[in-house]
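Worksheet: the structure to be examined is printed underneath.
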Amino acid sequence: MRMPEPDRAIIARRAEVVSGLEALVAPGSVISDRTGLRVYETDGLTAYRQVPMAVVLPANTDEVSTVLRFCHDRGIKVVPRGGGTSLSGGALPLADGIVLSAAKLNRVLEIDLANQCAVVQPGVTNLAITDAVSDAGYYYAPDPSSQIACTIGGNVAENAGGVHCLKYGLTTNNLLGLEAVLITGEVIRIGGKHFDSEAYDLLGIITGSEGLLCVVTEATVRLLRKPQAVQAVLAAFPDNTQAGDCVARIIGAGLIPAGMEMMDGPAIAAAEAFCHAGYPLDAGALLIVEVDGSAQDVLVGIARVKEIATACGATEVRASRSEDERLVFWSGRKNAFPAIGRISPDYYVMDGTIPRRRLSEMLRLISELSAQSGLRIANVFHAGDGNLHPMIMYDSAVPGELERTEALGAEILKACVRMGGVLTGEHGVGIEKRDLMDVMFDAVDLDHQQRLKCAFDADGLLNPGKVFPVLHRCAELGRLHVHHGQVPFPDLPRF
Amino acid sequence: MQLAEPTTEEELCDVVRVAVAHDVPLDVLGGGTKRAIGRPTVATQAVTTRRMSGIIDYDPTELVMSAHAGTPLHIIQTALAERAQQFAFEPRGLNRLFNDAGEETVGGVVATNLSGPRRFAAGAVRDHLLGFRAVSGRGELFKSGGRVVKNVTGYDLSKLVTGSFGTLAVLTEVTLRVVPRPAETGTLVLGGVGVDATVAVFDAASQVGAFTAGVLLTSASLSALPRLATIDHSAVALRFEGDAASAAARVAAQAFVGRYSTTILETEESLDLWAQIRDLRYLAGAPGAVWRVSLARATVAAFVAGLGLPADAPLGVDWAGGQVWFADTGGIDVRNVLKAAAGPDGHATLIRAGSDGRPETPVFHPQSDVVAALSRRIKHHFDPKGVLNPGRMYADI
């Protein structure tokens with residue numbers, strides 16, 4: 001993975017840059033010593049490491065604004081960082097850039113239950129929002145597996161999902177407003193405590209922009225009332241095909257479960273050994289289907305899920321009998337990543353999405369690719385929305401194994417696109433899938449995306465090297481390639 | 001004004017390129033049913049997508065519908081209904097409001113982002129557009145998004161084009177999420193609820209059941225709806241959906257007995273009523289400008305009080321408190337009222353101009369200088385020569 005060539009002239013001015021930054025923020029808010037910087041050299045994609053020039057920890061919007069203006073004026077690149085849990089390398093630093101950390105912006109500013117929202121700083125963790133409003137009977141719906149550590153700022157940048165997206169959507173569907181700072185230091189406020197901002201949906205395009213457009217300094221998120229009842233069904237199947245069929249039939253029956261997760265044999269074995277969730281070890285595939293709503297909705301929904309699972313050949317169907325048992329059902333699934341980490345020196349989590357109907361076909365292909373490469377793969381999916389998380393197990397100490405793992409991962413993602421799906425469902429493109437973007441998009445598509453970037457950050461200083469395989473200069477993108485002579489039959493009346 | 005009616009994406013590219021080459025600003029239309037929303041453009045020619053029509057891919061088990069942008073909405077809705085599915089966002093049809101007999105297209109639904117009563121519970125049009133193809137003001141065909149619900153590959157340009165009123169690109173194909181139709185729909189009508197008590201009623205109702213639409217209608221609004229015309233004060237209507245919706249409406253009614261009059265409507269009557277509320281029938285017959293205001297729900301009573309509307313002006317509080325629609329018979333400066341009552345959390349859009357046209361009234365809510373400049377830069381990058389609906393949203397947009 002090649003990153004943009006570092007600017008030697010900027011690196012040569014490092015001492016000057018550090019002291020300049022120190023003058024802008026509270027004492028102790030700039031990290032520049034070797035040991036301190038090492039903490040920030042990687043994120044959740046640990047295969048890549050790079051120590052930045054400096055790390056700045058602003059404590060308020062003014063400091064963010066001043067730091068960005070300073071960087072803008074001097075052409076210094078900026079990598080924003082929340083909890084550093086990105087699985088696609090979104091927060092990987094640059095040798096000639098600084099890291100802008102949200103660590104000190106970690107306050108819940110306002111809980112406004114009358115308007116069913118909370119206003120938080122970007123460094124607040126995902127789970128902390130729910131914790132802050134849980135006693136009042138509310139919660140924040142998106143729940144990525146890393147929710148204990150990932151921050152809302154990172155969630156906005158990556159448009160984070162979770163296991164309940166099928167019914168409640170991703171971050172973008174649960175966000176009402178933002179305060180953000182442009183690379184020029186200008187502060188923008190978009191949306192608020194109301195739905196749908198006026199004119200262009202800037203809230204929508206900033207969400208999921210992977211830190212390339214602006215730096216979020218405040219987010220207003222929707223709070224939902226906890227459902228009256230929640231229950232989950234655990235259904236074990238002899239193989240993936242039957243489980244995949246069950247998923248399609250549940251959706252076909254008009255049910256929208258709150259979550260519908262699938263695990264294959266290797267994932268079940270690893271999770272059970274780690275969490276003792278009571279998963280049947282002889283199963284080839286496991287489904288967890290959660291239904292929420294009124295007591296009546298849940299009663300009816302759970303009965304129908306059990307009926308469909310049985311009809312699809314489930315060998316065991318269990319409905320949770322208590323809240324504790326429901327959480328036990330989920331414990332194995334939510335800890336699938338660390339569970340794999342226990343049985344393999346390293347693992348690489350993939351994140352493609354495919355149309356649901358191609359699930360079993362995809363699983364067969366993954367198992368063939370695994371056999372060919374000699375690398376083991378365990379699969380967990382957000383089956384309800386076709387989002388796959390194959391986990392390739394490898395050992396980075398074995399020369400060449402990381403490269404083989406990445407090549408295998410790329411094959412899986414290309415197959416996702418071939419089957420009518422996409423490269424990433426919720427982890428982001430980052431550096432990881434950057435060079436695969438042209439599998440999904442042609443040059444004209446990517447140019448239009450980059451023009452949005454140009455409107456926000458014409459000099460390309462925010463998080464360069466991520467998302468786009470080739471960076472064009474904005475002046476070049478701005479040229480209009482339509483001339484009188486190029487239009488066929490220019491005098492022909494079109495109107 | 002002449003109308004270009006391309007039948008393919010290539011022809012549309014050609015039309016836009018000619019417009020760019022000859023500096024011809026274009027009115028961008030689907031069926032043209034919402035053409036009256038927005039500032040007057042300086043367009044001298046028009047282009048419509050209505051001959052790019054037809055469903056491309058509909059697989060009910062995937063909950064996804066792809067169609068050419070010019071496909072009439074009713075054709076899609078019929079196809080969905082045959083498989084007991086629907087769009088969750090309840091697109092508002094404004095034929096009555098504009099006294100227009102045109103056929104709205106699915107592309108127009110996306111371009112205007114007018115979402116119905118279920119928005120607060122199920123999202124807006126912008127939450128359901130999964131992907132699209134379009135021709136930008138550069139005369140180039142591009143695509144974004146995909147056909148799957150979970151997708152973060154690249155910038156989410158679907159959000160950018162939704163509600164952009166054809167000022168950035170002409171949509172050629174859209175892929176939208178669909179949902180199952182509820183088995184039953186039940187409505188609880190609470191007669192006698194005033195604007196002051198509206199949000200409290202919504203909160204109390206949500207304690208006893210999850211409703212998917214909550215609307216307050218003033219007496220002038222009620223009189224325009226045949227099913228509710230006999231209620232002589234303002235009223236709140238709550239919609240329940242699901243396997244036991246009628247029972248849910250009855251259970252909810254118990255919480256209000258003795259305080260308000262309660263009426264239950266069963267499925268058929270409910271569907272009829274909610275279609276009328278969705279399409280703003282309660283405003284269609286009223287004279288004057290029609291405004292839409294989005295605001296923080298807890299501020300709605302203060303906002304409505306601050307408006308000082310005459311008693312005969314119809315008004316509806318939709319989205320369980322989050323959106324207000326009304327016909328202004330008295331020449332009110334709504335944005336000043338919004339500033340005073342709701343603070344920064346809200347925006348107002350002039351949906352239908354009054355008889356005087358009031359060309360000096362901004363249609364979309366004024367933006368801060370920084371946001372306005374950013375929006376202009378986006379417009380410039382997608383439509384550098386300003387040939388697509390120039391000036392429809394703001395002076396340079």
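Within every chain, numbering begins at 1; the chains are lettered A, B, ... in the order of the sequence lines, protein sequences first and strands thereafter. All values derive from a computational prediction rather than experimental measurement.
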Non-hydrogen atoms of B:Ala298 and A:Ala114 that approach each other most closely: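 Looking at all heavy atoms of both residues, the shortest contact is CB-CB, 3.9 Å.
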Where does [X] contact chain B at under 4.5 Å (heavy atoms): side chain, backbone, both or neither?
| X | value |
| --- | --- |
| A:Leu436 | neither |
| A:Glu158 | backbone |
| A:Gln228 | side chain |
| A:Val444 | both |
| A:Asn159 | both |

Which bit of [X] comes within less than 4.5 Å of chain A, counting heavy atoms only: side chain, backbone, both or neither?
| X | answer |
| --- | --- |
| B:Ser368 | neither |
| B:Ala244 | side chain |
| B:Arg177 | side chain |
| B:Pro344 | backbone |
| B:Ser294 | both |
| B:Phe165 | neither |

Interatomic spacing from [atom1] in [X] to [atom2] in [Y] - rounded to 0.5 Å:
| X | Y | atom1 | atom2 | value |
| --- | --- | --- | --- | --- |
| A:Asp297 | B:Asp243 | CG | CG | 7.0 Å |
| A:Asp445 | B:Leu141 | CG | CG | 8.0 Å |
| A:His382 | B:Lys150 | NE2 | NZ | 3.5 Å |
| A:Leu477 | B:Arg138 | CG | CZ | 7.5 Å |

Beyond-backbone contact of A:Phe456 with B:Arg377, side-chain heavy atoms, under 4.5 angstrom: no
Mutual orientation of the aromatic rings belonging to B:Trp319 and A:Phe195 [parallel < 30°, tilted 30-60°, perpendicular > 60°]: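 Plane angle over 60°, so perpendicular.
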A:Glu198 side-chain N/O to B:Gln367 backbone N/O, donor-acceptor pair under 3.5 Å: no
Ring center gap for B:Tyr155 and A:Phe468 short of 6.0 angstrom: yes
Under 3.5 Å side-chain donor-acceptor pair for A:Ser197 and B:His347: no
Side-chain donor-acceptor contact under 3.5 Å, A:Arg225 with B:Ser206: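 Indeed, the side chains of A:Arg225 and B:Ser206 share at least one donor-acceptor pair under 3.5 Å.
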For the interface with chain B, which of [options] has the highest count of heavy-atom pairs at distances below 4.5 Å?
| options | answer |
| --- | --- |
| A:Val187, A:Val467, A:Leu452 | A:Leu452 |
| A:Ile190, A:Leu213, A:Ile354, A:Leu446 | A:Leu213 |
| A:Gln296, A:Met440, A:Lys433 | A:Met440 |

A:Asp196/B:Arg119 ion pair, N-O < 4.0 Å: yes
Steps toward side-chain contact (heavy atoms from CB on, under 4.5 Å) verdict (A:Thr353, B:Val149): CA-CA 9 Å; A:Thr353 304; B:Val149 173; over 6 Å; no
